[in-house]
Number of protein chains: 2
Amino acid sequence: MSNLIDRLRNKGVVLTPQRLAVVEFLKKSTTHPTVNEIYKVLRKKYPMMSQATVYSTLELLKRIGEIQELSIRKDKACFDPNPKLHHHLLCRKCEKILDIEVNCPIIKKGKVKRCEVEEVQAYLYGICPACLKKEHGKKE
Amino acid sequence: MSNLIDRLRNKGVVLTPQRLAVVEFLKKSTTHPTVNEIYKVLRKKYPMMSQATVYSTLELLKRIGEIQELSIRKDKACFDPNPKLHHHLLCRKCEKILDIEVNCPIIKKGKVKRCEVEEVQAYLYGICPACLKKEHGKKE
DNA sequence: CTGATTGCAAAAGGTTTGCATGAAT
DNA sequence: ATTCATGCAAACCTTTTGCAATCAG
């Protein structure tokens, strides 16, 4: 965690308590939270925190390549503390977002079909292993 | 086009003039239009057409598998008359959306990493061939 | 006829923006 | 002093919803 803070400092980021709170919460999280989820949790500890600050901090972290934003949900953005290229599945049963670590030889950065690809997001929709297992007992 | 209409009838779709207008416009289009783009064009010919009807018709066409919805733009939905699995690139220069017809062995429907994948959307962000060509002359 | 569809307008929800306050250097 | 971040609230846009009027079969 402390080398994350060093990294931010080196990138010239002014580290306010609010920003630290967002960074720390997000880097610990494994659930790809939305802005509002982050805001609601942090507000308990930092009652003066505003949603606009959460937005601007996430924008900043995205810009410097510390996190990535997902549009896998149609209605709102989710955030992933891991900025490296990987894919995601949204489970239609439990609504959770899972990281999908596969090395796709085609859907990747670089030249694809004469295009210069700089960023990739692959969104899979279906059922996660946990919900598949639950279904095995039932009919359906 | 007439076998499209037959197909809709066979699926039990009530064919109103508004729905026909949306279907015909979208099936001819190659630009992945947004709801508002569709609405603005159709309103010229059908002044009584409402945006709510465009929304509901697109929802209907999606449900019966005639079109697909893209979330490649962060702010609004785009629609693709081709419901088959294929991928897309959003060019950051011209803002156009291109179809990317590649056969990815990994990002596909079926079993992926112990998940049951029912739908796939791969969104590539970068520069399209036309804009790349334009850049060649310039320094950049 | 009768249920489905339409159009209108309002509501909802997420995101962005403007500006005054406040903190840091 | 000056710059930059914050918080608040309003504004903005897209999408959804409710309902009365209308239409398709």
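Naming: A, B, ... by sequence-line order, numbering from 1 per chain.
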A:R19 side-chain N/O to D:dT6 phosphate OP1/OP2 under 4.0 Å: yes

Short side-chain N/O contact from A:T16 to OP1 or OP2 of D:dT6, under 4.0 Å: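 So the side chain of A:T16 is within the cut-off, an N or O lying under 4.0 Å from OP1 or OP2 of D:dT6.
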
Could you tell me how far apart [X] ([atom1]) and [N] ([atom2]) are, to the nearest whole angstrom?
X     : N      : atom1 : atom2 : answer
A:R43 : D:dT6  : CZ    : P     : 17 Å
A:L58 : D:dT6  : CG    : P     : 12 Å
A:K74 : C:dG14 : NZ    : P     : 14 Å
B:R9  : D:dG25 : CZ    : C1'   : 11 Å
B:N36 : D:dT15 : CG    : P     : 9 Å
B:F79 : D:dT14 : CZ    : C1'   : 11 Å
B:Y46 : C:dG7  : OH    : P     : 12 Å
A:Y55 : D:dC8  : OH    : P     : 16 Å

Minimum-distance nucleotide (side-chain atoms of [X] versus [options]):
X     : options               : value
B:S50 : C:dG7, C:dA4, C:dT6   : C:dG7
A:V14 : D:dT14, D:dC4, D:dG7  : D:dC4
B:A52 : D:dG7, D:dA24, D:dT17 : D:dT17
B:S56 : D:dT6, D:dG7, C:dT6   : C:dT6

Position toward the 5' end of DNA chain D (nearest nucleotide), B:V13 or B:K76: B:K76

Earlier contact from the 5' end, DNA chain D, for A:Q18 and B:E59: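 Its nearest nucleotide being more 5', the pick is A:Q18.
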
Got a list of side-chain donor-acceptor pairs under 3.5 Å for residues 61-69 of chain B, not counting sequence neighbours?
from: B:K62; atom 1: NZ; to: B:E59; atom 2: OE1; distance (Å): 3.4
from: B:K62; atom 1: NZ; to: B:E59; atom 2: OE2; distance (Å): 3.4
from: B:K62; atom 1: NZ; to: B:E69; atom 2: OE1; distance (Å): 2.4
from: B:E66; atom 1: OE1; to: B:R7; atom 2: NH2; distance (Å): 3.0
from: B:E66; atom 1: OE1; to: B:K27; atom 2: NZ; distance (Å): 3.2
from: B:E66; atom 1: OE2; to: B:R7; atom 2: NE; distance (Å): 2.6
from: B:E66; atom 1: OE2; to: B:R7; atom 2: NH2; distance (Å): 3.4
from: B:Q68; atom 1: OE1; to: B:Q121; atom 2: NE2; distance (Å): 2.9
from: B:Q68; atom 1: NE2; to: B:N82; atom 2: O; distance (Å): 2.8
from: B:Q68; atom 1: NE2; to: B:K84; atom 2: O; distance (Å): 3.1

Ring geometry between B:Y123 and B:H88 (parallel below 30°, tilted from 30 to 60°, perpendicular above 60°):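 Because their plane-to-plane angle lies in the 30° to 60° range, the rings of B:H88 and B:Y123 count as tilted.
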
Side-chain donor-acceptor pair present, B:H87, B:D99, cut-off under 3.5 Å: no

Residues A:S56 and A:T53: side-chain donor-acceptor under 3.5 angstrom: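 No, A:T53 and A:S56 have no side-chain donor paired with an acceptor closer than 3.5 Å.
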
Contact nearer the 5' end of DNA chain C, comparing A:E69 with B:Q51: B:Q51

Gap separating the SG atom of A:C131 from the CD atom of A:E95, nearest 0.5 angstrom: 10.0 Å

Sugar-phosphate, base or nothing in reach of B:P17, heavy atoms under 4.0 Å: sugar-phosphate

Touch class at under 4.0 angstrom, heavy-atom based, for A:D75 against every strand present: sugar-phosphate

